[in-house]
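For reference, the structure discussed in these notes is given below.
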Amino acid sequence: MTKTNTRRYWLMKSEPAAFSWEDLKSAKNRTTCWDGVRNYQAKNLMRDEIKAGDGVLFYHSNIPSPAIVGIAEVVREGYPDDTAMDPASRYHDPRATRDNPVWYMVDIRAKADLSSPITRNDMRRHPVLSQMDVMKKGNRLSVQPVTKPQWQAVLALATIQDPLV
DNA sequence: GCCAACGTTGGC
DNA sequence: GCCAACGTTGGC
């Protein structure tokens, strides 16, 4: 089986005031480590499920018009989030050690802009995208699974080719 | 700014 | 192990 057939898709939320799509694009190698996630469900996804080559929808949250704004790719899969072991970090967790990192992160790289952002209003009206986890009330997971039909619907709406194929 | 929903903490 | 209290998230 080829990598293409096993690729999975995710949505990652970020408050642009903290870290935006533009920040990712201007980062070295257009790449960043997704550190500071302190939620067990998201940690387990990053440690066990999210693989290099997987697709990422980059989503801006907590703004007047929340939206999917870009396409990224996972370039490094789960490894210890060392900010947890750094007493000077705002993400410090005193339980974390080299033998027991407690928290994990992945690296993602910006791949393509959308022709225009896909807002929650757009998603709400869309038969496929309205079913996304991110549209469910009260869903606070910062890393969420996305189905292949949802991924394809985003690319179709954005009128771009899949940058990961 | 409001508030519903959620995850975590800690007393018992 | 239960659950109330609390802090945070995030849409609106």
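Just so you know, these numbers come straight off a predicted model, no measurement behind them. We name chains A, B, ... by the order of the sequence lines, and we start the count at 1 in each one. Worth knowing before you read on, the calculation uses all heavy atoms, side chains too, and leaves out hydrogens, waters and symmetry mates.
When only modelled atom types and interatomic distance are considered, T83(A) and R38(A) share a side-chain donor-acceptor pair under 3.5 Å.
The closest donor-acceptor contact from the side chain of D93(A) to the backbone of V102(A) lies at 3.5 Å or more, if one exists at all. Although no hydrogens or angles enter the test, the distance criterion places no donor-acceptor pair under 3.5 Å between the side chain of E73(A) and the main chain of G55(A).
An angle of 10°, rounded to 10°, separates the two end axes of the helix from dG1(B)-dC12(C) to dC12(B)-dG1(C), each defined over five pairs.
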>> As a quick check of understanding, evaluate side-chain hydrogen bond (donor to acceptor under 3.5 Å, both in side chains) for W151(A) and D162(A), giving each step before the final call.
In response: CA-CA 9 Å; W151(A) 173 264; D162(A) 190 331; 2.9 Å; yes

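Using a 4.5 Å cut-off on side-chain heavy atoms (C-beta onward), R47(A) and Y79(A) make no contact.
Ring to ring, W21(A) and Y59(A) are not that close: their centroids are 6.0 angstrom or more apart.
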>> Protein within reach of the bases, or only the backbone? For nucleotides 3-12 of chain C, mark each nucleotide 5' to 3' as B, S or -, using heavy atoms under 4.0 Å.
In response: ----BBSBBS

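Between F58(A) and F19(A), the ring planes lie tilted relative to each other; the angle falls in the 30° to 60° range.
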